[in-house]
Amino acid sequence: MESINFKKSWNKENGKHEVISYENSSLLLLEVDMLRLQKGESKKYNEVDKEYGLLILGGSCSVVGEEFKFTKIGKRKDVFDGPATCLYIPANRPFTITGEKDVSIAVCKALVDDCPENDFEPVLVNPEDVIIKDLGKTGWERQAHFILDERVNANLIYIGEAYVKSGNWASYPPHKHDDDNMPTEGIMEEIYYYEFDKPQGFGIQKVYTKEGDIDETYTVKSGDFVEIPRGYHPFCCAPGYDNYYLWIMAGENRGFFMTTEESHKWLNK
């Protein structure tokens, strides 16, 4: 059994927090910083061979690079206040983020040095650009928001959000995306970040493989993350609370190319 702990946490304090990095995680492609800036505060990024998805959790900011400038982006006050704003920035384009108001940002990063050279351009995804779909059936209903998806030219990174009502499951029936069997299934690493509508809200996240070498179960609360290097990863929201989770994926086959666990396929009929 793998001994690594896939769960990480963010304390929501001001400043830059390198929550998931290549050094402290099971992942090979994805990293996440959580950034909280007060109005007027700035943070510069100049990391080599990493593309970015700047997902604004709440508040607004400006992002300026040598050949691009996006001012006063971000419209919601928190993750439960409507669809997100997200800015895609290609690799090797230094930039500075400055808070226009107090702002919280998930700085999602994907390592692209093994990918072909692509001269993509920065792309701003506004709330009105987000594609919203209601998924699932009774007991596992959720609302999925597709944000930095196939419509944005990028190498690896793929980002969305989900909203799960009290007592419901998500990522259910259990699915995985860890085999190279396109177009049925593609290899995509993933990270979940969670928030709940009440401070005491919680949920249960499982990560387990078909082979049985990973079988982990975590209690998650607001500010928690779970890495999903491979395997099935169903989630359940505790009754009485509503859940939000950010999903961050990276892989050469950007999209929902996944397979359902064999014994639970009948649920999709």
Stepwise side-chain contact (heavy atoms from CB on, under 4.5 Å) test for E31 and I20: CA-CA 5 Å; E31 293 183 317; I20 296 179; 5.5 Å; no
Under a 4.0 Å N-O cut-off, is there an ion pair linking [X] with [Y]?
X    : Y    : value
K210 : E262 : no
K206 : D215 : yes
E227 : K8   : yes
R76  : E161 : yes
K16  : E18  : yes

To the nearest 0.5 angstrom, please state how far the [atom1] atom of [X] sits from the [atom2] atom of [Y].
X    : Y    : atom1 : atom2 : answer
T184 : M258 : OG1   : CE    : 12.5 Å
L135 : S171 : CG    : OG    : 10.0 Å
D129 : I147 : CG    : CD1   : 10.5 Å
E141 : N168 : CD    : CG    : 6.0 Å
S104 : L37  : OG    : CG    : 8.5 Å
Y158 : E150 : OH    : CD    : 3.0 Å

Test item: [X] side-chain N/O and [Y] main-chain N/O as donor-acceptor pair under 3.5 Å:
X    : Y    : value
N11  : E13  : yes
N243 : F196 : no
D178 : G231 : yes
D78  : D81  : yes
D242 : D197 : no
S166 : G240 : yes
E51  : I157 : yes
N92  : D49  : yes
T260 : K265 : no

Would you indicate whether the side-chain heavy atoms of [Y] and [X] approach each other to under 4.5 Å?
X    : Y    : answer
E211 : R230 : yes
L111 : L28  : no
D102 : K39  : yes
Y208 : P174 : yes
S60  : V103 : no
T85  : L87  : no
W266 : P173 : no
Y52  : R93  : no

Pair H177 and H233, ring centroids less than 6.0 Å apart: yes
Centroid separation under 6.0 Å, is that true for the rings of Y192 and Y218? no
Could you check whether the rings of [X] and [Y] sit parallel, tilted or perpendicular, using 30° and 60° as the cut-offs?
X    : Y    : answer
F95  : F68  : tilted
H145 : Y163 : tilted
F202 : Y241 : tilted

Is atom [atom1] of [X] surrounded by more than 12 heavy atoms (other residues, nucleotides or ligands) closer than 6.0 Å?
X    : atom1 : result
K137 : NZ    : yes
K221 : NZ    : no
E67  : CD    : no
E66  : CD    : no
K12  : NZ    : yes
K101 : NZ    : no

Quick check with a 6.0 Å cut-off and a 45 degree axis cone: is K109 positioned over the face of Y22's six-membered ring? no
Could you walk me through whether F257 and M188 pass the side-chain contact (heavy atoms from CB on, under 4.5 Å) check? CA-CA 9 Å; F257 302 105; M188 295 282 280; over 6 Å; no
Can you get from [X] to [Y] by hopping between Ile, Leu, Val, Met, Phe, Trp and Tyr side chains that sit under 4.5 Å apart?
X    : Y    : value
V226 : Y172 : no
I89  : I56  : yes
I248 : M34  : yes
L27  : Y232 : no
Y193 : V107 : no

If you compare all heavy atoms of [X] against all heavy atoms of [Y], which two are closest, and at what distance to 0.1 Å?
X    : Y    : value
L29  : E189 : N-OE1, 2.9 Å
D149 : R254 : O-NH2, 2.9 Å
A110 : A250 : CB-CB, 4.2 Å
V19  : N24  : O-ND2, 3.0 Å
V164 : Y245 : CG2-CE2, 3.8 Å
G186 : N253 : CA-ND2, 4.1 Å

Tell me, with the steps shown, if I97 and S42 meet side-chain contact (heavy atoms from CB on, under 4.5 Å). CA-CA 5 Å; I97 305 171; S42 295; over 6 Å; no
Ring pair (Phe, Tyr, Trp, His ring centres under 6.0 Å) with Y194: which of F225, Y244, F235, W10?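 Among F225, Y244, F235, W10, the one that satisfies the ring pair (Phe, Tyr, Trp, His ring centres under 6.0 Å) with Y194 is F235.
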[Y] versus [X], side-chain donor and acceptor atoms under 3.5 Å:
X    : Y    : value
T71  : S62  : no
Y88  : E121 : no
Q205 : D224 : no

Verify side-chain contact (heavy atoms from CB on, under 4.5 Å) between I132 and Q143, making sure each step is shown before the conclusion. CA-CA 7 Å; I132 299 174; Q143 187 180 85; 3.5 Å; yes
